[in-house]
Number of protein chains: 4
Amino acid sequence: MPDDREPTPPPAPSPRGPRKRPDAAARRRAILDAALEVFAEHGFTGARMEDVARRAGIAKGTLYLYFKDKTALFEGLVHDAADPILGRLEREFAGFEGSTRDFLELLFQHIRTEAIASPRRHIIRLMLAEGERFPAIADFYYREVVARGLNLLRAINQRALARGEIASDAALRFPQLIIAPVLVAAVWDGMFGRHEPLDLPGMFAAHAELVLRGLGWREA
Amino acid sequence: MPDDREPTPPPAPSPRGPRKRPDAAARRRAILDAALEVFAEHGFTGARMEDVARRAGIAKGTLYLYFKDKTALFEGLVHDAADPILGRLEREFAGFEGSTRDFLELLFQHIRTEAIASPRRHIIRLMLAEGERFPAIADFYYREVVARGLNLLRAINQRALARGEIASDAALRFPQLIIAPVLVAAVWDGMFGRHEPLDLPGMFAAHAELVLRGLGWREA
Amino acid sequence: MPDDREPTPPPAPSPRGPRKRPDAAARRRAILDAALEVFAEHGFTGARMEDVARRAGIAKGTLYLYFKDKTALFEGLVHDAADPILGRLEREFAGFEGSTRDFLELLFQHIRTEAIASPRRHIIRLMLAEGERFPAIADFYYREVVARGLNLLRAINQRALARGEIASDAALRFPQLIIAPVLVAAVWDGMFGRHEPLDLPGMFAAHAELVLRGLGWREA
Amino acid sequence: MPDDREPTPPPAPSPRGPRKRPDAAARRRAILDAALEVFAEHGFTGARMEDVARRAGIAKGTLYLYFKDKTALFEGLVHDAADPILGRLEREFAGFEGSTRDFLELLFQHIRTEAIASPRRHIIRLMLAEGERFPAIADFYYREVVARGLNLLRAINQRALARGEIASDAALRFPQLIIAPVLVAAVWDGMFGRHEPLDLPGMFAAHAELVLRGLGWREA
DNA sequence: TATGAATGAGTCTTCATTCAT
DNA sequence: AATGAATGAAGACTCATTCAT
């Protein structure tokens, strides 16, 4: 069952339909992929709809069949990229048996591969860049990603405290401290990589270590 | 030593120079202040030169007497905002006698008041937003701010290690971990403040604590 | 004898023809009715084919099965609305026994109910608006409506003169003077109605009176 | 003292200024003249701003320095063409000593030369065509032209009645009847001229005659 | 026949930059 | 040095028309 989640016009035609015309959902995907590239490269205002169309392999007008305007396209972009990662992490945490240390490792590995070393990295950058100018998107992003992410982090902390793995509630009060390095990771290589590449696995490992010790880690 | 790379007409109006035209330098400042506002509000592409001019209280054409084009204005903006903070911190650290814990506190307080709770906050946001698209600026920023900042952090760590205040070299290898929360701070309120305001002093305090403990802090 | 100059697919669906597809003719009607609304509301250039289709309850593509293009649709519109009124008036006049005064009254009443207080009012407005830009339509309209109308008016005058009911040939030479108020009537309420509504029956009555007296009316 | 009446941005520079750059007012005129041509030819929606610019001999962007958008340009057009004629007629009537018949003659002659046989003719056509879609303009036109025109006509009638020149108050109640033929005149030649040219002076003479007699004219 | 997704030419409008004053 | 009118390239978006189903 393909993951489909478009909150916009064209619903998939016949679920078993022909493969000829690429089928609305696929086309929508193509557009969003193209849009991610273009927005990432030029920012919202700088992105040209025509470029998005060209890269998606469709005509300019077709774009507007799928997204009513540039803003809707940007919103669609963020909407669409939102949950997958978090959903999985939430489920994994729910059933996780191992130590908090193990889960943190898992967490950062996920983030690294799914959010940083993937086109999704640009979504984060775009949010940092344009979020303040798109309250509607910021709201959505807060609701779907940030709040959920912080809640997950709080849950992790809570459990670790309950289990006696850690002693401090610092990260319960400020879960932002745990993902802060993700922002650095999302942004570093594009800006400063040529001067001083950043060893992401290394940094996340060091971060996990630092955090755990900082929170008073002791083997449960 | 202030930098200059604009086609600024007046023959190096030293900040304390002659009294002739009290303008020039002052006008440059006015322009840059206006530019910061406008760029911060709309991003690079979205900013309108006319708005900058209006807010600076000058005519559109006059802008081009001070900055050759929009890009030069943006560069000038970043250039100009760079120095102050770091210079002071570097000097303070050089002569600092107290404990690393005390200095960290000082550091975050500085950052909070000088970089976050000030228009400069927008510079950080602008760099996050546009950095990838302006290699020249990213380079400058790296050289003048980032590299220097990281070096300062490394020096702090080094000294703390040398003094036996901490045990881990994690922050020596990844000083980014120490400023990561600054990015969160620079960005949070504008985007998510209305949903969940962030207690900056609290967060920085928690962060300092976390880091110190994480690095194996023991009263020297 | 109704005219046809559209690429209408069905093999001349005589209004009383077979029962097969009850459509075709009905559909053509629906389209023209929709078109009248839309053209009236937005003018030729401003009208959108899609709107016409929607209001006619058909798909955009179907429109082009009935009318080769927008211009043909507009032409069809005018063509179709032309006949009815005049034909009836001509016939009525041919067999009219009463006084010219009575016929004039009849005439204006007809015009009022059939041309002004009816969607056809918009045809007049559309001709005023777009006529100059559509010579083909203007020609058709002249032939089918204007010339016939003027001829009817001339005939009326002629007979009135012959009967000794009036003395002047002014309206014979300028029958336009007799329908001029129709233009006012067709246009007034839409434009100025909210400032100063126009009492149409009153105006036409006054007009008839004015004209008759002006032409030297005397009870025959 | 040239007749200047721009309700829009650029006020004339120095009243005695150089002749070099055509001077705002002149340029505004040029734009309006060009706009009249283009709007008359293609209607509001069909008119292209670029054509207006070209015909006015300026760049596309310059247009927007004088009129904020297409609608404002259209409004400017109507505004600007509005009073001249009426103002003069009102003044002439105020001081008129002759007979009502003489004044009517004068009136129609004025209208013929100033409103029909002039580019202004197109303003009337444009109002007929687009008035219903531009309530703001219709209102303005009503206030500045129609209401004033009707009032003038009522005044004429009133005086004629008072003087005993005419007996009927028909045209006092429906002054529209007096200018109705003006609509015909404004529209006829462009649409039907090639089939049946209209002798305007003849028609207006016949109309004046008809009206006067119709109103019960008797030499005072 | 009917559909409506797709196309791309065409249009308004904005804005960085120039330049005559 | 300062101005702000003028320019025109560029970009978002629309819509008549086509065509695969």
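Keep in mind that the numbers below use all heavy atoms, side chains included, and drop hydrogens, waters and symmetry copies. In what follows, chains carry the letters A, B, and so on, assigned in the order in which the sequence lines appear, proteins first and then strands, with residues in each chain numbered from 1.
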Problem - Centroid-centroid under 6.0 Å between H122(A) and F39(A) rings - result: no
Fill in the blank from the handout: Taken to the nearest whole Å, CZ/R54(B) to P/dA16(E) is 12 Å
Exercise for the section: Report the distance from atom CZ of R28(D) to atom P of dA6(F), rounded to the nearest whole Å. Expected result: 13 Å
Handout entry: Whole angstrom value for the distance that separates P of dT14(E) from CG of L63(D)
Key = 12 Å
Practice task
Choose from dT17(E), dG4(F), dA6(E) the nucleotide whose nearest atom is closest to any side-chain atom of A59(B).
Solution key: dG4(F)
Practice task
Could you check whether K70(C) gets within reach of a base, just the sugar-phosphate, or nothing at all, counting any heavy atom under 4.0 Å?
Solution key: sugar-phosphate
Handout entry: Non-neighbouring partners of R133(B) that pass side-chain hydrogen bond (donor to acceptor under 3.5 Å, both in side chains), sequence neighbours left out
Key = E130(B)
Problem - K70(A) side chain to A47(A) backbone, donor-acceptor under 3.5 Å - result: yes
Practice task
For the residue pair L36(B) and L126(B), establish whether any side-chain heavy-atom pair is separated by less than 4.5 Å.
Solution key: yes
Problem - Strand contacts (DNA chain E) in residues 32-53 of chain B, 4.0 angstrom heavy-atom criterion - result: A47(B), R48(B), M49(B)
Handout entry: Between P of dA2(F) and CD1 of I31(B), the distance in whole Å
Key = 9 Å
Practice task
Mind checking the NE2-OG1 spacing from H42(C) to T45(D)? Nearest 0.5 Å is all I need.
Solution key: 9.5 Å
Problem - Any side-chain heavy-atom pair of K60(D) and V52(D) under 4.5 Å - result: no
Practice task
Determine whether the aromatic ring centres of F134(B) and F44(B) lie less than 6.0 Å apart.
Solution key: yes
Handout entry: L73(C) CG - dT17(F) P separation (whole Å)
Key = 10 Å
Practice task
May I ask you to say what I58(A) touches in the nucleic acid, namely base, sugar-phosphate or nothing, with a heavy-atom cut-off under 4.0 Å?
Solution key: sugar-phosphate
Exercise for the section: Please examine the side chains of I31(C) and L73(C), heavy atoms only from C-beta on, and report whether any two atoms are closer than 4.5 Å. Expected result: yes
Fill in the blank from the handout: Taken to the nearest whole Å, NZ/K68(B) to C1'/dT18(E) is 14 Å
Problem - Derivation and outcome, salt bridge (charged side-chain N to carboxylate O under 4.0 Å, His left out), residues D33(A) and R55(A) - result: CA-CA 9 Å; D33(A) 290 348; R55(A) 286 204 214 187; over 6 Å; no
Completion exercise
Of the candidates dT13(E), dA5(F), dT17(F), the side chain of D69(C) sits closest to dT17(F)
Handout entry: Phosphate-side-chain proximity, Y66(A) and dA6(E), N/O vs OP1/OP2 below 4.0 Å
Key = yes
Exercise for the section: Return the value, rounded to whole Å, for the distance between atom CG of D23(B) and atom P of dA2(F). Expected result: 7 Å
Practice task
Report the nucleotide, chosen from dA2(E), dA5(E), dT3(F), that has the shortest atom-to-atom distance to any side-chain atom of L65(A).
Solution key: dA5(E)
Completion exercise
By nearest-nucleotide position on DNA chain F, the 5'-leaning member of G61(B) and Y64(A) is G61(B)
Problem - Pair assignment for DNA chain F - dot-bracket with | for other-strand partners, Watson-Crick or G-U under 3.5 Å - result: .||||||||||||||||||||
Exercise for the section: Return the nearest nucleotide to the side chain of R27(C); candidates are dA2(E), dC13(F), dT17(F). Expected result: dA2(E)
Exercise for the section: May I have the step-by-step check of salt bridge (charged side-chain N to carboxylate O under 4.0 Å, His left out) for D23(B) and R28(B), ending in yes or no? Expected result: CA-CA 8 Å; D23(B) 302 271; R28(B) 191 172 191 282; over 6 Å; no
Problem - Minimum-distance nucleotide (side-chain atoms of K60(B) versus dG10(E), dT3(E), dA16(E)) - result: dA16(E)
